[in-house]
Amino acid sequence: MPELPEVETIVRELKEAGLKGLSIVNAVVFWHRSIANQRPADFCQSLIKQNIRDIYRRGKFIVFLLTSRILLVHLRMTGKFFIDKEEAFPHSHERVRLYLSDGRILRYEDQRKFGKWTLTKTEEILDKIGIEPLSSVFTFKQFEKILTGRHRKIKPFLLDQQHIAGIGNIYADEALWAAKIHPKRMISSLTIKEKKNLHKAIIDVLKKGIENAGTSLGEARANYSNLTGGRGKNQGTLKVFQRHTLPCPRCRTTIQKSVLAQRGTYFCPYCQKL
DNA sequence: GATAATGTTGGTCG
DNA sequence: ACGACCAACATTAT
């Protein structure tokens with residue numbers, strides 16, 4: 001659910017909320033498997049007295065840079081953060097809670113329990129993921145370099161975090177539509193022009209997602225919402241994602257849905273030919 | 001009530 | 001190297 005634009009939005013909100021510079025006074029874990037690499041008791045103990053020196057995004061990870069540790073939070077499908085001023089009975093989906101030095105409480109809810117918190121001392125995990133698509137190093141030249149020699153369909157490649165960080169199912173489909181490339185096209189078959197279009201489309205689609213504060217599909221609780229429970233506005237701008245049976249905004253051909261890499265995949269069969 | 005599908009990722013197996 | 005499949009889960013739609 002949260003892809004790069006959603007995670008970026010959350011990180012910005014965490015910063016705006018003034019969490020930087022606060023210390024962690026106490027930590028409580030309600031679901032032990034939300035903690036990836038250690039026992040909850042050790043995890044909590046290690047967090048106490050740590051100062052939040054910085055908060056930033058890397059791929060789909062939220063990174064809390066602490067005094068002597070790095071706290072990585074991956075929201076996976078349904079992870080969400082909330083900030084409360086008052087102690088309250090934990091919500092049924094609440095998995096972790098951090099008590100902060102100014103009296104506020106950072107609460108983490110995760111309906112499907114796929115999200116993971118990792119407390120480490122090194123950047124090892126972050127070093128394993130691919131290039132940041134909105135950074136200045138993601139030039140067309142770099143993009144081309146990443147693509148060369150790969151025998152693979154383009155969509156599964158875009159979803160692979162090892163190569164480019166932060167693209168998920170929604171933005172992959174949207175970028176491919178914008179670049180007029182069929183999701184099943186083999187990378188080796190792409191022309192220079194198509195690669196150029198795709199490079200630009202990836203950046204455009206992600207930037208627009210951030211400008212619109214993320215994509216919130218449907219009405220269900222599980223769907224993405226920000227720190228204050230507010231919804232993103234990007235869903236209104238989607239061209240193909242979950243729009244099967246609707247006309248393509250470019251050519252009016254009916255959008256099709258198929259399954260690729262076990263993910264629902266939406267495309268225009270006319271604009272995006274195989 | 002059963003079944004399929006849901007935006008993520010990691011592992012296994014061929 | 002890559003893809004197909006499953007697993008981790010809870011909820012909603014059909």
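The figures here come from the full heavy-atom set of this structure, side chains too, leaving out hydrogens, waters and symmetry mates. Protein chains get the first letters and strands the later ones, always in sequence-line order, with residue 1 at the start of each. None of these values were measured; they are calculated from a predicted model.
Taking atom CD of A/Q162 as the reference point, atom P of C/dG3 lies 14 Å away to the nearest angstrom. In this structure, the NZ atom of A/K80 is 16 Å from the P atom of C/dA10, given to the nearest Å. Residue A/H74 contributes atom NE2, which lies 11 Å from atom C1' of B/dG10 at whole-angstrom precision. Regarding A/L72, its CG atom lies at a distance of 15 Å from the C1' atom of B/dT9, rounded to whole Å. Atom P of nucleotide B/dG7 and atom CD1 of A/I10 are separated by 17 Å, given to the nearest angstrom. Across the protein-nucleic acid pair, A/Q242 atom CD and B/dA4 atom C1' stand 14 Å apart, rounded to whole Å. Computed from coordinates, the A/E109 CD to C/dA10 C1' distance equals 14 Å when rounded to whole Å. In this structure, CD1 of A/I167 is placed 11 Å from P of B/dT9, rounded to the nearest angstrom.
Between A/F267 and A/H182, the ring-plane angle classifies as tilted under the 30° and 60° cut-offs.
Residue pairs meeting the salt bridge (Lys or Arg N to Asp or Glu O under 4.0 Å) criterion with at least one member in residues 60-76 of chain A: none, sequence neighbours excluded.
Contact record, A/E132 with A/A165: OE2-CB, 4.1 Å, taken as the closest heavy-atom pair.
Stem analysis of DNA chain B (Watson-Crick or G-U pairs, both distances under 3.5 Å, runs of at least three) returns B:2-6 with C:10-14, B:8-14 with C:2-8.
Phosphate contact (OP1/OP2 of B/dT9, side-chain N/O of A/K60, threshold under 4.0 Å): present.
Residues meeting the side-chain contact (heavy atoms from CB on, under 4.5 Å) test with A/F82, sequence neighbours left out: A/K80, A/R107, A/E109.
Figure legend: A/K155 and A/F157 shown without cation-pi pairing, the cationic atom not lying both under 6.0 angstrom from the six-membered ring centre and within 45 degrees of its axis. Under a cutoff of 6.0 Å and an axis angle of 45°, A/K195 and A/F143 do not form a cation-pi pair. Relative to the ring axis of A/W177, A/R250 places its NZ or CZ within 45° and under 6.0 Å from the centre.
With hydrogens and angles ignored, the 3.5 Å screen pairs no side-chain donor or acceptor of A/S23 with any backbone N or O of A/V25. Distance alone, capped at 3.5 Å, is enough to place a donor-acceptor pair between the A/T78 side chain and the A/R112 backbone. Between the side chain of A/Q235 and the backbone N or O of A/G232, at least one donor-acceptor pair lies under 3.5 Å.
With contacts defined as side-chain heavy-atom distances shorter than 4.5 Å, the pair A/L100/A/I52 qualifies. With a 4.5 Å cut-off on side-chain heavy atoms, A/L98 and A/I105 do not count as touching.
Backbone-only engagement by A/F241 is indicated by non-hydrogen atom pairs under 4.0 Å involving sugar-phosphate atoms exclusively. Among the heavy atoms of the strands lying under 4.0 Å from A/N223 is at least one base atom, whether or not backbone atoms are also near. Within 4.0 Å of A/K116, counting heavy atoms only, lies no atom of the nucleic acid at all. Among the atoms of the strands shown, only primed sugar atoms or phosphate atoms (P, OP1, OP2) are found under 4.0 Å from some heavy atom of A/Y266.
Checked against B/dT9, C/dA4, B/dG7, the side chain of A/M77 finds its nearest nucleotide in B/dG7.
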Filtered N/O pairs between nucleotides 11-14 of chain C and protein, under 3.5 Å:
{"from": "C/dT11", "atom 1": "OP1", "to": "A/H93", "atom 2": "NE2", "distance (Å)": "2.9"}

Contacts under 3.5 Å, N or O only, protein and nucleotides 5-8 of chain C:
{"from": "C/dC6", "atom 1": "N4", "to": "A/Q262", "atom 2": "NE2", "distance (Å)": "2.6"}
{"from": "C/dA8", "atom 1": "O3'", "to": "A/R33", "atom 2": "NH2", "distance (Å)": "3.4"}

So which protein nitrogen or oxygen atoms get under 3.5 Å of nucleotides 11-13 of chain B's nitrogens or oxygens?
none

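Across C/dT14 and B/dG7, the matching P atoms stand 15 Å from one another, rounded to whole Å. The same atom, C1', is picked in B/dG1 and in C/dA8; the two are 24 Å apart, to the nearest Å. Taking the P atoms as reference points, B/dA4 lies 15 Å from C/dC5, given to the whole Å.
Counting heavy atoms of neighbouring residues, nucleotides and ligands inside a 6.0 Å radius, atom CD of A/Q45 does not exceed 12 of them.
Summarising the geometry, atom SG belonging to A/C44 is positioned 7.0 Å from atom CD1 belonging to A/I35; distances are rounded to the nearest 0.5 Å.
Summary of the strand contacts: A/K257 and A/A261 both lie near DNA chain B, and taking for each the nucleotide with the nearest heavy atom, the more 5' one is attributed to A/K257.
The six-membered or imidazole ring of A/F138 lies near that of A/H199, with a centre-to-centre distance under 6.0 Å.
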